[in-house]
Amino acid sequence: KLGISNLVCGTSTPVTNEELTLTTTLFNSETSDATVKSLTYAIKGGKVIGTDTTGYTVAASSTLDVPFKWTPTDARSMTITVTAVIEQDGKDYTFTKDITLDVLNADDLVYIGIDASHYNEYVNGNYKDSMGNFGELASKYSVRTVQLNTSADLIAACSNPKYKALILTAPSRRLAAAQADPKTYSAEELAAITAFNNAGGTVILAGWSDNYENYDVIQNNPAIKHMAATQNEVLQALGSSLRIADDATYDDVRSAADGVDKWRLYFNTYGQSFLTDGVEVDPAHPYDRLYTEVFSHYGGASVYAVDADGNPTSALPATVTPVVYTHPTTYSVDVDKDGLGGANVPKYAYAENDSRLLAMASEQLEGKGLIIVSGAAFMSNFEVQATISDNGSE
């Protein structure tokens, strides 16, 4: 009852000339401690890439994770074998475990930076580490997602030509740590993101409902900028006319009537945007997810446009394209009662006598990169399925 239970790679898409971490998990279900005399890592059919003779102890009835850092230089599929020599009660035992890595050429990839330096929701805030499905899908198109853990990482990515897009999900106001230290974008970060967009980089911003800042610690401290205001500072710096509303999107007909939360929404009405090319909508079954591809929008806010003076407007500029509309029965709620949501949020004409809130829109300013604004983090694991087994009902 001793050995290796797992060998995993901490990088979903390994690339050349970039360090990765292989973690070997050792287990000892015996009644006496064991000593790891050596861990040897080798490419099957090739050379040894590292040996660890630290001499770890795996206590009785416990497990131990041992990391090994390595930088691949060749772009190819390879199997790495870890060989562990473990001593227990005066006797040596040898165990092996394999892992197959598909190392890609870093120079052939497109990079997307995902901000994790502002307690960003689904990244490093609430529901952290929930962007894996998006990264897995992206890798199939030779696109690599990279988590930008610090302000320095974010600023550096903005000036690195291999990055073609940035994703900024809402900075959390829900976590206790985020409430104690609510993150906003510094002047240096705003300048870097603006320069990135001016040079043609795509910037994707996601909001979150004010359901998730309806807390006394926030409501009693007007110095704390809300999520919408924080994201809108970026949009203003970019020169965009789009804004994220400080509200929540509720629906009594399409959600509450089905016995789920009023903010658990699946939209099925799309604008004339290239982003929705290929999306299937069956008019005979518009709400049945077996027939119609829907836009998952949980706990989200709405999106609107402002005029040249920064005032909300019900007339969309020519630079703006609606991407996803809400249902006709969806409405804006000012959950935290700060006077910014509710009836103040404009609606936009989807069809004659049918104005609706927007859930997502894009803006293309002349000579700049695309700007995409969503009221919710549409690329989180909860919204994006990478395989059928993620959710068999959809």
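A donor and an acceptor atom, one from each side chain of Thr81 and Asp98, are located under 3.5 Å apart. Using modelled atom types, one finds no donor on one side chain facing an acceptor on the other under 3.5 Å when comparing Thr292 with Asn268. Between the side chains of Ser77 and Asp102, no donor-acceptor pair of N or O atoms lies under 3.5 Å. Ser302 and Asp247 form a side-chain donor-acceptor contact under 3.5 Å, judged by distance and modelled atom types alone. Between the side chains of Glu280 and Tyr291, no donor N or O sits under 3.5 Å from an acceptor N or O. Looking only at atom types and distance, the side chain of Tyr250 has a donor-acceptor partner in the side chain of Asn211 under 3.5 Å away. A side-chain donor from one of Asp153 and Thr150 sits under 3.5 Å from a side-chain acceptor of the other. The closest side-chain donor-acceptor pair between Ser38 and Thr53, if any, does not fall under 3.5 angstrom. For the residue pair Glu363 and Thr319, a side-chain donor N or O sits within less than 3.5 Å of a side-chain acceptor on the partner.
Counting only distance, with no hydrogens or angles, the side chain of Asn344 and the backbone of Gly339 share a donor-acceptor pair below 3.5 Å. With hydrogens and angles disregarded, a donor-acceptor distance shorter than 3.5 Å links the side chain of Asp33 to the backbone of Ala60. Without hydrogens or angle criteria, Asn221 side chain to Val217 main chain gives no donor-acceptor distance under 3.5 Å. Using a distance-only test at 3.5 Å, with no hydrogens or angles considered, no donor-acceptor pair links the side chain of Glu121 to the main chain of Gly207. A donor-acceptor distance shorter than 3.5 angstrom exists from the side chain of Thr249 to the backbone of Gly300, with no hydrogens or angles considered. Remark: the backbone N or O of Arg254 is paired with a side-chain donor or acceptor of Asp251 at under 3.5 angstrom. Side chain of Asn232 to main chain of Ala228: a donor-acceptor pair is present (N/O by atom type, distance under 3.5 Å, no hydrogens or angles). For Thr54 (side chain) and Tyr56 (main-chain N/O), no donor-acceptor pair under 3.5 Å exists by modelled atom type. At least one donor-acceptor pair closer than 3.5 Å links the side chain of Asp334 to the backbone N or O of Asp338. Without hydrogens or angle criteria, Ser255 side chain to Trp263 main chain gives no donor-acceptor distance under 3.5 Å.
Taking every heavy atom of both residues into account, Ala305 and Pro317 meet most closely at CB-CD, 4.0 Å. Scanning all heavy atoms of the two residues, the minimum distance from Lys164 to Phe196 falls at C-CZ, 3.6 Å. Taking all atoms of both residues into account, the shortest heavy-atom contact from Ser374 to Ile244 is O-CD1, 4.0 Å. For the residue pair Ser240 and Ile371, the shortest heavy atom distance occurs at CB-CD1, 3.8 Å. Closest non-hydrogen pair, Glu293 versus Gly278, comes out as OE1-O, 3.7 Å. Scanning all heavy atoms of the two residues, the minimum distance from Thr13 to Ser139 falls at OG1-CB, 3.4 Å.
The neighbour count for Gln147 CD, taken as heavy atoms of other residues, nucleotides or ligands under 6.0 Å away, is above 12. For Lys162, the NZ atom counts as densely surrounded, since its 6.0 Å shell holds more than 12 non-hydrogen atoms of other residues, nucleotides or ligands. Annotation for Lys225: atom NZ does not count as buried by contact number, only 12 or fewer foreign heavy atoms lying within 6.0 Å. More than 12 heavy atoms of other residues, nucleotides or ligands lie within 6.0 Å of CG in Asp277, so this atom counts as buried by the packing criterion.
Note on Lys183 versus Glu189: no salt bridge recorded, every NZ/NE/NH1/NH2 to OD/OE distance being 4.0 Å or above. Electrostatic pairing of Glu383 and Arg264 counts as a salt bridge here, judged by a charged N lying under 4.0 Å from a carboxylate O.
Using a 4.5 Å cut-off between side-chain heavy atoms of Ile, Leu, Val, Met, Phe, Trp and Tyr, with links allowed through other members, Val36 and Val8 fall into different hydrophobic clusters. Grouping the Ile, Leu, Val, Met, Phe, Trp and Tyr side chains by contacts below 4.5 angstrom, directly or via other members, places Leu20 with Leu39. By the rule that hydrophobic residues join a cluster once side-chain heavy atoms approach within less than 4.5 Å of another member, Ile167 and Val123 end up as members of one cluster. Under a hydrophobic-cluster definition in which Ile, Leu, Val, Met, Phe, Trp and Tyr are linked whenever side-chain heavy atoms come within less than 4.5 Å, directly or via other members, Leu265 and Tyr348 are assigned to different clusters. In this structure, Tyr141 is not a member of the same hydrophobic cluster as Leu109, with clusters built from ILVMFWY side-chain heavy atoms closer than 4.5 Å.
Using a 4.5 Å heavy-atom threshold, the side chains of Ser296 and Phe382 count as separate. Residues Val58 and Ile86 form no side-chain contact, since every pair of their non-hydrogen atoms from C-beta on lies 4.5 Å or further apart. A heavy-atom distance below 4.5 Å is not found between the side chains of Tyr212 and Asn126. Using a 4.5 Å cut-off on side-chain heavy atoms (C-beta onward), Val143 and Ile112 make contact. Residues Val384 and Phe378 are not in side-chain contact: their nearest non-hydrogen atoms beyond the backbone lie 4.5 Å or more apart. When side chains are defined from C-beta on, Ser332 counts as touching Leu357, because their heavy atoms get closer than 4.5 Å. Annotation: side chain of Tyr298 is in contact with side chain of Asp261 (closest heavy-atom distance under 4.5 Å). Two residues are said to be in side-chain contact when any heavy atoms from C-beta on lie closer than 4.5 Å; Asp115 and Leu166 fail this criterion.
Less than 6.0 angstrom separates the ring centroid of His327 from the ring centroid of Phe267.
For the atom pair CZ (Arg356) and OG1 (Thr330), the distance works out to 8.0 Å, reported to the nearest 0.5 Å. One finds the CG atom of Leu2 at 5.0 Å from the CD atom of Gln88 (value rounded to the nearest 0.5 Å).
Ring-plane geometry between Tyr127 and Trp208 is classed as perpendicular, the angle between the planes exceeding 60 degrees on a 0 to 90 degree scale with a lower cut at 30.
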message: Quick one, Leu154 with His118, criterion side chain to side chain contact (heavy atoms under 4.5 Å, CB included). Give me CA distance, side-chain angles, the key distance, then yes/no.
response: CA-CA 10 Å; Leu154 174 61; His118 296 85; 3.9 Å; yes
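By the 6.0 Å and 45° rule, Arg173 does not stack over the aromatic ring of Tyr215.
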